[in-house]
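What follows is one structure encoded as structure tokens, with my remarks underneath.
Since we're looking at a predicted model, the values are computed, not measured. These values consider heavy atoms only, across backbone and side chains, with no hydrogens, waters or symmetry-generated copies.
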Amino acid sequence: MKVLIVTKIFPNGLEPFSAPFNRQQFAELRPFCDVEVMATIPWFPFAGRFARWSAAGRLTGVPDQETIDGMRVHHPRTVFVPRLARSLAGPLYTASLARRVLAYRGRVDVVLGSWAYPDGYAAIQLAELLGVPAVVKLHGSDINVVARMPGPERRLRAALPRAARIVAVSRQLAEKTVELGVPAERVDVIPNGVNTELFQPRSRSAARQELGVSADRRVILYVGRLEREKGVVDLLAAFEKLSAHESLELVLLGDGTARPLCDAAAARASGKIRVLGARPLREVPAWVAASDVLTLPSWNEGMPNVVLEALASGRRVVATRVGAVPDLISSELLGEVVEPRAPDALAEALLRAAGRDYDPAAVARTAGIRSWRQSAAELHATLLRATGRPASVEAPEKEAA
């Protein structure tokens, strides 16, 4: 089976750390089927002149084609008009890809769109051009936020029911998809996985020695985009309330528009806040192992991979009650859940969690997080169902080209 993936959330030569969840899951699809990726790049005339303000401008140097984790990855440009109504984003995205996608007629069996709008919306129409089924994978904010906007909601209500299958990473997203008119029997819940070779219980003391972290500190770790909607500003406010506790240290891994606020807070905190920027995936497990607790104070999520990775590593988590988080942190052993946008409650939970001793192996065992290979096997089974073939979660031999 040959799969064409269409998504704007995927790494590229200028953003190698972007969307590691898609990169890992799609790479694990390769033993099951032939995978080709269209990882789109937003474009508008003279975009390069606006690199300081626009992601489209910063990405003008991305090559047209790359090989990433053994996958053929193309980077077609899709027309994007800043400040234009989101309702037109889907049609513009589709039109930008139509001619290129038509070259795949007779060469692919299914189109997979990852992210509801505009990617999934476009994938459905492009699959219809090719005469093959479409599958749309939903992540979180694409349904929790984007699909609630009047223009995108109207277009998704018209398009999503035409998809052969929908993949939701959590039960909550599946329920919201049904509310958009998709028959429940066509929605599959497939949670994300983790790289279980990288993320597993490790010695905290050894990790701290490797990273130069003091043995007598209690480390609170955040890994993700430094954006207001990810709760980073709430986290800074919460940590400021804990300033009297000299043993606490906050480590932030990531970049984003809230980076200046984080750097300013670190400058005021006399060495108690580290802002390390985006780091390669291979470095993240050591920081997770060195931590006492990982936190994700986000306002919206689907099934956040950083929580899965922390639990698989045997580290407790303090996160907000959004998306699948309450399902993941299902017992007091695994951590605490607080309401979003509540720095006071977040501070109290972090103080409790940072001061608690626990058995990492028991956390990992109780969480029971699956691997990316298992997640990819389930995704492959959905793709088979979409094409009318018998579904299997066993890794078959790849089909002959």
With a cut-off of 3.5 Å and sequence neighbours excluded, list every side-chain donor-acceptor pair involving residues 7-21.
{"residue": "Thr7", "atom": "OG1", "partner": "Ile9", "partner atom": "N", "Å": "3.0"}
{"residue": "Thr7", "atom": "OG1", "partner": "Ser114", "partner atom": "O", "Å": "2.8"}
{"residue": "Asn12", "atom": "OD1", "partner": "Leu14", "partner atom": "N", "Å": "2.9"}
{"residue": "Asn12", "atom": "OD1", "partner": "Glu15", "partner atom": "N", "Å": "2.8"}

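- Side-chain contact between Pro297 and Tyr222 is present, with heavy atoms from C-beta onward closer than 4.5 Å.
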Original post:
Should Glu249 and Arg274 be marked as a salt bridge (Lys or Arg N to Asp or Glu O under 4.0 Å) after you check the CA-CA gap, both sets of side-chain angles, and the distance that decides it?
Top reply: CA-CA 8 Å; Glu249 180 175 349; Arg274 300 194 201 193; 2.5 Å; yes

**OP:** Begin from the C-alpha positions of Asp292 and Arg356 and carry the test salt bridge (Lys or Arg N to Asp or Glu O under 4.0 Å) through to its verdict.
**Re:** CA-CA 8 Å; Asp292 293 280; Arg356 172 173 172 163; over 6 Å; no

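- A salt bridge between Arg171 and Asp327 is present, with a side-chain N of the basic residue lying under 4.0 Å from a carboxylate O of the acidic one.
- Ala116 and Val136 get closest at one heavy-atom pair: CA-CG1, 4.3 Å.
- For the pair Arg77 and Thr60, the tightest heavy-atom approach, listed with the atom from each and the gap, is NH2-O, 3.4 Å.
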**OP:** With salt bridge (Lys or Arg N to Asp or Glu O under 4.0 Å) as the test, would you mind laying out the steps for Arg218 and Asp357 before giving the verdict?
**Re:** CA-CA 11 Å; Arg218 292 285 181 165; Asp357 294 321; 3.2 Å; yes

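- By the 6.0 Å and 45° rule, Arg204 stacks over the aromatic ring of Tyr358.
- No more than 12 heavy-atom neighbours from other residues, nucleotides or ligands sit within 6.0 angstrom of CD on Glu240.
- The shortest non-hydrogen separation linking Leu130 to Val101 is CD2-O, 3.3 Å.
- Sparse packing is recorded around CD of Glu197, with 12 or fewer heavy atoms of other residues, nucleotides or ligands lying under 6.0 Å away.
- Side-chain N or O atoms of Arg225 include none that pairs as donor or acceptor with a backbone N or O of Thr257 at under 3.5 Å.
- The backbone N or O of Gln374 sits less than 3.5 Å from a side-chain atom of Ser371, completing a donor-acceptor pair.
- Other residues, nucleotides and ligands contribute only 12 or fewer heavy atoms inside 6.0 Å of the CZ atom of Arg228.
- The backbone N or O of Ser243 lies less than 3.5 Å from a partner atom in the side chain of Lys272, making a donor-acceptor pair.
- For Arg321 (side chain) and Val338 (main-chain N/O), no donor-acceptor pair under 3.5 Å exists by modelled atom type.
- The shortest non-hydrogen separation linking Val337 to Thr320 is CG1-C, 3.9 Å.
- Tested against Asn144 for a side chain to side chain donor-acceptor pair (under 3.5 Å), the candidates Gln172, His139, Lys176 yield a single pass: Lys176.
- A salt bridge is defined here as a Lys NZ or Arg NE, NH1 or NH2 lying under 4.0 Å from an Asp or Glu carboxylate O, and Glu66 with Arg72 fails to meet this definition.
- Residues Ala39 and Pro76 come closest through the heavy atom pair O-CD, 4.2 Å.
- Applying the salt bridge (charged side-chain N to carboxylate O under 4.0 Å, His left out) rule to pairs touching residues 111-137 yields Glu128-Arg162, sequence neighbours excluded.
- Between Lys230 and Glu301 there is a salt bridge, since a side-chain N of the basic residue sits under 4.0 Å from a carboxylate O of the acidic one.
- Within 6.0 Å of atom CD in Gln209, 12 or fewer heavy atoms from other residues, nucleotides or ligands are found, so the atom counts as exposed in its surroundings.
- Between the side chains of Tyr117 and Glu153, no donor N or O sits under 3.5 Å from an acceptor N or O.
- Using a distance-only test at 3.5 Å, with no hydrogens or angles considered, no donor-acceptor pair links the side chain of Arg23 to the main chain of Asp69.
- Looking at Arg186, its side chain does come within 3.5 Å of a backbone N or O of Ala163 through a donor-acceptor pair.
- Side chain of His75 to backbone of Thr40: no donor-acceptor contact under 3.5 angstrom is found.
- Between the side chain of Arg105 and the backbone N or O of Leu129, at least one donor-acceptor pair lies under 3.5 Å.
- Taking 4.5 Å as the limit, some side-chain heavy atom of Thr366 sits within range of a side-chain heavy atom of Ser331.
- Side-chain contact between Ser96 and Phe80 is absent, with no heavy-atom pair separated by less than 4.5 Å.
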**OP:** In sequence, state the C-alpha distance, the side-chain angles, and the governing distance for Asp234 and Arg341, and then conclude on salt bridge (Lys or Arg N to Asp or Glu O under 4.0 Å).
**Re:** CA-CA 6 Å; Asp234 298 334; Arg341 310 191 199 202; over 6 Å; no

Taking only distance into account, with no hydrogens and no angle test, what donor-acceptor pairs under 3.5 Å do side-chain atoms of residues 303-319 form with protein atoms, sequence neighbours excluded?
{"residue": "Asn305", "atom": "OD1", "partner": "Asn192", "partner atom": "ND2", "Å": "2.8"}
{"residue": "Asn305", "atom": "ND2", "partner": "Gly193", "partner atom": "O", "Å": "2.8"}
{"residue": "Ser313", "atom": "OG", "partner": "Glu309", "partner atom": "O", "Å": "2.8"}
{"residue": "Arg315", "atom": "NE", "partner": "Val288", "partner atom": "O", "Å": "3.4"}
{"residue": "Arg315", "atom": "NE", "partner": "Ala289", "partner atom": "O", "Å": "3.2"}
{"residue": "Arg315", "atom": "NE", "partner": "Ser291", "partner atom": "O", "Å": "3.3"}
{"residue": "Arg315", "atom": "NH1", "partner": "Ser313", "partner atom": "O", "Å": "3.3"}
{"residue": "Arg315", "atom": "NH2", "partner": "Arg202", "partner atom": "O", "Å": "3.0"}
{"residue": "Arg315", "atom": "NH2", "partner": "Ala289", "partner atom": "O", "Å": "2.7"}
{"residue": "Arg316", "atom": "NE", "partner": "Leu333", "partner atom": "O", "Å": "3.0"}
{"residue": "Arg316", "atom": "NH2", "partner": "Glu332", "partner atom": "O", "Å": "2.8"}

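- Considering Val3, Ile68, Leu112, Val73 in turn, Leu112 is the only one that fulfils the side-chain contact (heavy atoms from CB on, under 4.5 Å) rule with Phe26.
- Under a cutoff of 6.0 Å and an axis angle of 45°, Arg279 and Trp287 do not form a cation-pi pair.
- In this structure a side-chain-to-backbone donor-acceptor pair under 3.5 Å is missing from Asp263 to Leu261.
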